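For reference, the structure discussed in these notes is given below.
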Amino acid sequence: MTKVDFLGEDDFLEVMKTQNKAWRDKYVTQGKYQSFDDIEINFYYAIPDSAKRAIVLVHGFCEFWGKFHEYAWYLYKAGYAVFFMEQRGHGYSGGKLDAPDIVFIDDYKTYIEDLHMFIEKIVSPKTIAMNKTLIAHSMGGAVGTLYLENHPDFFDSAILSSPMLKMKNNTSPILIEALRIFSFIFGKRKSLAPGQKRFDAKPVFETSSAMSKPRYDYMFDMRLKDDHYQTYGASIGWALASLKTNKLIMKNADKLRIPITVFTAGNDHLIDPEGYEQFHRLVPSAKFISFDNSRHEIFNADENSRSEKRRVGK
């Protein structure tokens, strides 16, 4: 594997606009496939010469290809084939609401089936002789973990970055049930969830999940210029479906057998660490690595935060 140097804070924006863009223009292929219900899902891939391992990246809530330009480039330069799909309701994929900045999902089974179709239609035919690793972040970590539990034979290893094994939630179960009943009776599952907001084109770096301002600015500039990238708030349906994932994941977590590494962020305001503790009890072989000073998006942390990591547990 080739050693790859990460970009610093000072050179990030210039290199992304020049060298990274040149790489994407020359080596990255974009396409679409029809998912199980005929919704079009947008994807990207890049395969270097002599690649022996394929990486499938699964992004988080309100994310899109542009947030992974840097990460995918590093993987490619290290000799890995890289595959990335924009999940339903995100980026240039279908499944968006009339209010495209609000994300809706009926059930996480839909996300899992979209990922399965991506792997069956796009990834598998191009990676027959390769080993496969799943790298999944946040909401994608929940989707990816559920995929591993339901389809245990495709990937031989996985990395979960700040995975949404359990969302932070201060709402009582009674109020959640009341919201579920209300949204069902009055057809409000696609309405903006309480506490969420629409895209207003105002940067919020100080309270964001990133610690690297150049990386945040790069991503936010894409949001400003392209309304496909303006997903911003959760619908009631997405929130209710996401709250269910903790029990779904833990139900079959003890069946996971492949090597799994879990990256956790010490200053994560979105993920409840109790989910990590549950998962570690059920999957004692999983290796946990904590980036104690990082916010939720470890891959968008500054250089110091990314380098200060420690092994947790055995």
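Because the structure is a prediction, the values reported are computed rather than measured.
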With a 3.5 Å distance limit and no angle check, can you tell me whether Glu40 reaches the backbone of Gln34 through a side-chain donor-acceptor pair? no

Does the pair Arg88 and Asp37 meet the rule for a salt bridge (charged side-chain N to carboxylate O under 4.0 Å, His left out), with working shown? CA-CA 11 Å; Arg88 178 180 299 244; Asp37 58 354; 2.8 Å; yes

Does Gly8 offer a backbone N or O that forms a donor-acceptor pair with the side chain of Asp11 under 3.5 Å? yes

Say you draw a straight line from CG of Asp101 to OH of Tyr232; how long is it, rounded to the nearest 0.5 Å? 10.0 Å

Whether Asp156 and Arg53 form a salt bridge (side-chain N of Lys/Arg under 4.0 Å from carboxylate O of Asp/Glu) is what I want to check. yes

Would you give the length of the straight line joining atom NZ of Lys255 to atom CG of Asn252, rounded to the nearest 0.5 angstrom? 4.0 Å

So, for Leu224 and Phe199, which heavy atoms are closest and what is the spacing to 0.1 Å? CD2-CZ, 4.1 Å

Please report the interatomic distance CG(Leu160) to CG(Leu134), rounded to the nearest 0.5 Å. 6.5 Å

Close side-chain approach of Thr127 to Lys132, heavy-atom, < 4.5 Å: yes

Partners meeting side chain to side chain contact (heavy atoms under 4.5 Å, CB included) with Lys190 (sequence neighbours left out): Leu97, Phe104

Exam field: side chain Glu63 to backbone Gly60, donor-acceptor pair closer than 3.5 Å: yes

What class does the angle between the rings of Tyr45 and Phe43 fall in, given that below 30° is parallel, 30 to 60° is tilted and above 60° is perpendicular? parallel

Report yes or no: is the cationic atom of Lys21 (NZ for Lys, CZ for Arg) closer than 6.0 Å to the six-membered ring centre of Trp23, at no more than 45° off its axis? no

Worked check of side chain to side chain contact (heavy atoms under 4.5 Å, CB included) between Asn169 and Asp272: CA-CA 8 Å; Asn169 171 44; Asp272 188 337; over 6 Å; no

Atom of Gly275, atom of Met250 and distance for their closest heavy-atom approach: O-CE, 3.4 Å

Suppose we call two aromatic rings close when their centres sit under 6.0 Å apart. Are Phe64 and His228 close by that rule? no

What about the rings of Tyr147 and Phe154, do their centers lie closer together than 6.0 Å? no

Donor-acceptor check, side chain of Thr145 to backbone of Gly141, threshold 3.5 angstrom: yes or no? yes

For Trp238, enumerate each residue passing the ring pair (Phe, Tyr, Trp, His ring centres under 6.0 Å) test, keeping only those at least two apart in sequence or located in another chain. Phe61

Give me the one residue out of Trp65, Tyr27, Tyr76 that meets ring-ring contact (aromatic ring centres under 6.0 Å, His included) with Tyr44. Trp65

In this structure, CD of Gln230 is separated from CZ of Phe220 (nearest 0.5 Å) by 8.5 Å

Shortest non-hydrogen pair, Ala286 vs His280, comes out as O-NE2, 3.4 Å

Pro100 to Thr231 - nearest heavy-atom pair and separation: O-CG2, 3.5 Å

Can you tell me if Asp107 and Thr110 form a side-chain donor-acceptor pair at under 3.5 Å? no

Between Ile271 and Pro163, is any pair of side-chain heavy atoms under 4.5 Å apart? no

Would the distance check show the side chain of Ser208 and the main-chain N or O of Ala210 forming a donor-acceptor pair, the cut-off being under 3.5 Å? yes

Main chain of Ala234, side chain of Gln196: is a donor-acceptor contact present, judged purely on distance under 3.5 Å? yes

Which residue in the set Glu70, Glu297, Glu303 passes salt bridge (charged side-chain N to carboxylate O under 4.0 Å, His left out) when paired with Arg215? Glu70

Evaluate the criterion side chain to side chain contact (heavy atoms under 4.5 Å, CB included) for residue pair Tyr108 and Val143; output intermediate values, then yes/no. CA-CA 7 Å; Tyr108 269 61; Val143 175; 3.8 Å; yes

Is it the case that the side chain of Asn293 and the backbone of Ser305 share a donor-acceptor pair, with hydrogens and angles ignored and the cut-off at 3.5 Å? no

Centroid-centroid under 6.0 Å between Tyr276 and Phe279 rings: no

NZ of Lys168: more than 12 outside heavy atoms within 6.0 angstrom? yes

Assess Arg180 against Phe186: is NZ or CZ under 6.0 Å from the centre of the six-membered ring, and within 45 degrees of the ring's axis? no

Is it the case that the side chain of Thr245 and the backbone of Ala142 share a donor-acceptor pair, with hydrogens and angles ignored and the cut-off at 3.5 Å? no

So do the side chains of Ser235 and Arg189 get within less than 4.5 Å of each other, counting heavy atoms only? no

Hphob cluster co-occupancy, Met222 + Phe205, side-chain heavy atoms under 4.5 angstrom: yes

Could you walk me through whether Ile249 and Glu149 pass the side chain to side chain contact (heavy atoms under 4.5 Å, CB included) check? CA-CA 8 Å; Ile249 289 169; Glu149 294 174 1; 3.8 Å; yes

One thing to verify: whether Lys197 and Asp200 come together as a salt bridge, which I'm taking to mean a side-chain N less than 4.0 angstrom from a carboxylate O. yes

Residue pair Asp114 / Tyr33: nearest heavy atoms and the distance that separates them: O-OH, 2.7 Å

Verdict with supporting geometry, Tyr216 and Asp221, side-chain hydrogen bond (donor to acceptor under 3.5 Å, both in side chains): CA-CA 8 Å; Tyr216 178 87; Asp221 185 58; over 6 Å; no

State whether the number of non-hydrogen atoms from other residues, nucleotides or ligands found under 6.0 Å of Lys188 atom NZ is greater than 12. no

Test side-chain hydrogen bond (donor to acceptor under 3.5 Å, both in side chains) on Thr133 and Tyr80; report intermediate values, then the result. CA-CA 10 Å; Thr133 296; Tyr80 299 124; over 6 Å; no

Applying the 4.5 Å side-chain criterion to the ILVMFWY set and letting contacts propagate, would Met211 and Phe68 be lumped into a single cluster? no

Hey, quick one: are Ile47 and Phe155 part of the same hydrophobic cluster, counting side-chain heavy atoms closer than 4.5 Å, chains of contacts allowed? yes

State which residue, out of His137, His69, His59, fulfils the ring-ring contact (aromatic ring centres under 6.0 Å, His included) condition with Phe84. His59

Quick one: sort the Phe118 and Phe83 rings into parallel, tilted or perpendicular, breaks at 30° and 60°. perpendicular

Do other residues, nucleotides or ligands put more than 12 heavy atoms under 6.0 Å from the CD1 atom of Ile181? yes

For the OG atom of Ser290 and the CD1 atom of Ile298, what is their distance to the nearest 0.5 Å? 8.0 Å

His296 backbone acceptor or donor facing Ser162 side chain under 3.5 Å: yes

If you group Ile, Leu, Val, Met, Phe, Trp and Tyr by side-chain heavy-atom gaps below 4.5 Å, do Tyr229 and Ile102 land in one group? no

Do Ser93 and Gln87 meet the criterion of a side-chain donor-acceptor pair at a distance under 3.5 Å? no

Any idea which heavy atoms bring Gly95 and Ile39 closest together, and the distance? N-CG2, 3.8 Å

Roughly how far, to the nearest 0.5 Å, is the CG atom of Leu146 from the NZ atom of Lys251? 11.0 Å

Using modelled atom types and a 3.5 Å cut-off, is there a donor and acceptor pairing between side-chain atoms of Ser294 and backbone atoms of Ala301? no

